Amino acid sequence: SRLWRGVIEEYRDRLPVTAATPVVTLREGGTPLVPAPWLSDQTSCEVYLKVEGVNPTGSFKDRGMTVAISKAAEEGAEAVVCASTGNTSASAAAYAVRAGMRPVVLLPDGKISGPKLAQAVVHGGVIASVQGNFDDCLRLARELSETYPVALVNSVNPYRLAGQKTAAFEVVDDLGDAPDLHVLPVGNAGNISAYWLGYSEYTAYATDNPGPAKRRPRMWGFQAAGAAPFVHGGPVSAPETVASAIRIGNPASWDLAIAARDDSGGLIDAVTDEQILAAQQELSGREGLFVEPASAAGVAGLLHYSRTGRLDAGQRIVVTVTGHGLKDVDTASAYYGEIRPYVVPAEAGAAAKALGLA
Ligand code: F0G
């Protein structure tokens, strides 16, 4: 077996790097495409989950960050800045320190999960708790990078999307072609844009560098109902959802995401917080995969469309689950309520009786 080298070395000829680019990698990518038997049964389709929570910092953000930080290093940056709901900042901090740069992270005050904040802390991030929401943080990050010597590594940086499109390459490499349908959560809208770029570039018909896919999938994106600017047709000023990763009202990649939706014949719709939490629980309890709330939005949307008769049977479907469940344990635990374990003596007979085994 061959060691996975990270997305830059695996897909170098399709990425904006040269021999002069210092590769900053944690060997991200190469994530498993896991068959989902319960979801397949529920939907009468062939469903796979692209499990991005196994990336080095626990989310898909590492794919884009390896490219963005490598390019920043090539350009001689000494500090990077990003706005984040928690995953981008964790990834930026990890890759920046590896490259010897200072990571400055702008986080909406009190609105990111404890584990994500801890990641920024342990990686030595310079942490700003901004009195505002994610959209305010992103505006601030842009302004700082325009005026001060600090490189912006949010997904408005095109190197981020370039790295993230490798997830689509991996799906095609694993399945032998694109699926019929690709489903994923939408927040700042970078990822749906990146997948569409990736699928588009990876077809046999791509202009400069043709790839192994014969076709492209339809793209279905799902937002949280309280933070669904694409569904409303414009920015939402006070976004609110239990899925803190996608609590975003003014997505940066607006035009690219609309193009992904329309050019693919797809859709962007919303799911409720209750549907998100139920899908998170079903993924944990049925498929054996613990993902964070935002990551369950795609699954919630797929189940909703299936249960309301709007999903054709027999399709091959890939759903990206974007981040690990351990990213937000408080929300998951709260959904299950108080934990009441069986308190048992350390003796097999009595324990077996209490646990219903005897
Ligand atoms: N899922 C997770 C776990 C995320 O962290 C994000 C975005 C998304 C989905 C949505 O992806 O923004 O490309 O549409 N998180 C960003 C962050 C905003 O700061 O970590 P998107």
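Values below: every heavy atom of this structure, side chains too, minus hydrogens, waters and symmetry copies. Note that this is a predicted model, so its numbers are computed, not measured.
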Under 3.5 Å, side-chain donor or acceptor atoms of residues 100-109 against the rest of the protein: list the pairs with distances, not counting sequence neighbours.
from: Asp109; atom 1: OD1; to: Ser129; atom 2: OG; distance (Å): 2.7

Of the non-hydrogen atoms in Ala92 and Val153, which two are nearest, and what is the gap between them?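 Closest approach of Ala92 to Val153: CB-CG2, 4.1 Å.
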Minimal non-hydrogen separation, Leu184 against Met219, with atom names: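 What the structure gives for the nearest pair is CD2-CE, 4.1 Å.
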With sequence neighbours excluded, what pairs up with [X] under the side chain to side chain donor-acceptor pair (under 3.5 Å) test?
X      : result
Arg261 : none
Glu52  : Thr31, Asn55, Arg63
Asp269 : Tyr305
Arg340 : none

Step by step, work out the side-chain hydrogen bond (donor to acceptor under 3.5 Å, both in side chains) result for Tyr11 and Glu170. CA-CA 10 Å; Tyr11 295 108; Glu170 290 176 17; 5.0 Å; no
Can a salt bridge be assigned to the pair [X] and [Y] using a cut-off of 4.0 Å between side-chain N and carboxylate O?
X      : Y      : answer
Glu9   : Arg27  : no
Glu201 : Lys165 : yes
Arg216 : Asp263 : no

Using only atom types and a distance under 3.5 Å, with no angle test, would you say the side chain of [X] pairs donor to acceptor with the backbone of [Y]?
X      : Y      : result
His232 : Gly234 : no
Ser253 : Leu256 : no
Ser70  : Val23  : no
Thr85  : Ala245 : yes
Gln315 : Leu181 : no
Asp135 : Gly249 : yes

Has Glu75 got more than 12 heavy atoms of other residues, nucleotides or ligands less than 6.0 Å from its CD?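 Correct, the count exceeds 12.
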Answer yes if the side chains of [X] and [Y] hold a donor-acceptor pair under 3.5 Å, and no otherwise.
X      : Y      : result
Thr331 : Asp328 : yes
Glu46  : Ser40  : no
Thr43  : Ser306 : no

Can you list the residues that meet the ring pair (Phe, Tyr, Trp, His ring centres under 6.0 Å) rule with Tyr195, with sequence neighbours excluded?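 Once residues adjacent in sequence are excluded, the partners of Tyr195 under the ring pair (Phe, Tyr, Trp, His ring centres under 6.0 Å) criterion are His182.
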Among residues at least two apart in sequence or on other chains, which ones pass side chain to side chain contact (heavy atoms under 4.5 Å, CB included) with [X]?
X      : value
Tyr335 : Glu274, Leu277, Ala278, Gln281
Ala227 : Pro239, Thr241
Ala350 : Pro345, Glu347
Pro212 : Val172, Asp173, Tyr202

Pairs under 3.5 angstrom only: tabulate donor-acceptor contacts from the side chains of residues 115-122 to other protein residues two or more places apart or in another chain.
from: Lys116; atom 1: NZ; to: Glu292; atom 2: OE1; distance (Å): 2.7
from: Gln119; atom 1: OE1; to: Lys327; atom 2: NZ; distance (Å): 2.6
from: Gln119; atom 1: NE2; to: Thr57; atom 2: O; distance (Å): 3.0

Run the side-chain donor-acceptor check on residues 142-152: report pairs under 3.5 Å with partners two or more places apart or on a different chain.
from: Ser145; atom 1: OG; to: Ala141; atom 2: O; distance (Å): 3.4
from: Ser145; atom 1: OG; to: Arg142; atom 2: O; distance (Å): 2.9
from: Thr147; atom 1: OG1; to: Glu143; atom 2: O; distance (Å): 3.2

Hydrophobic cluster membership, with links at side-chain heavy-atom distances under 4.5 Å among I/L/V/M/F/W/Y: are Val321 and Phe222 in one?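 Hydrophobic grouping puts Val321 with Phe222.
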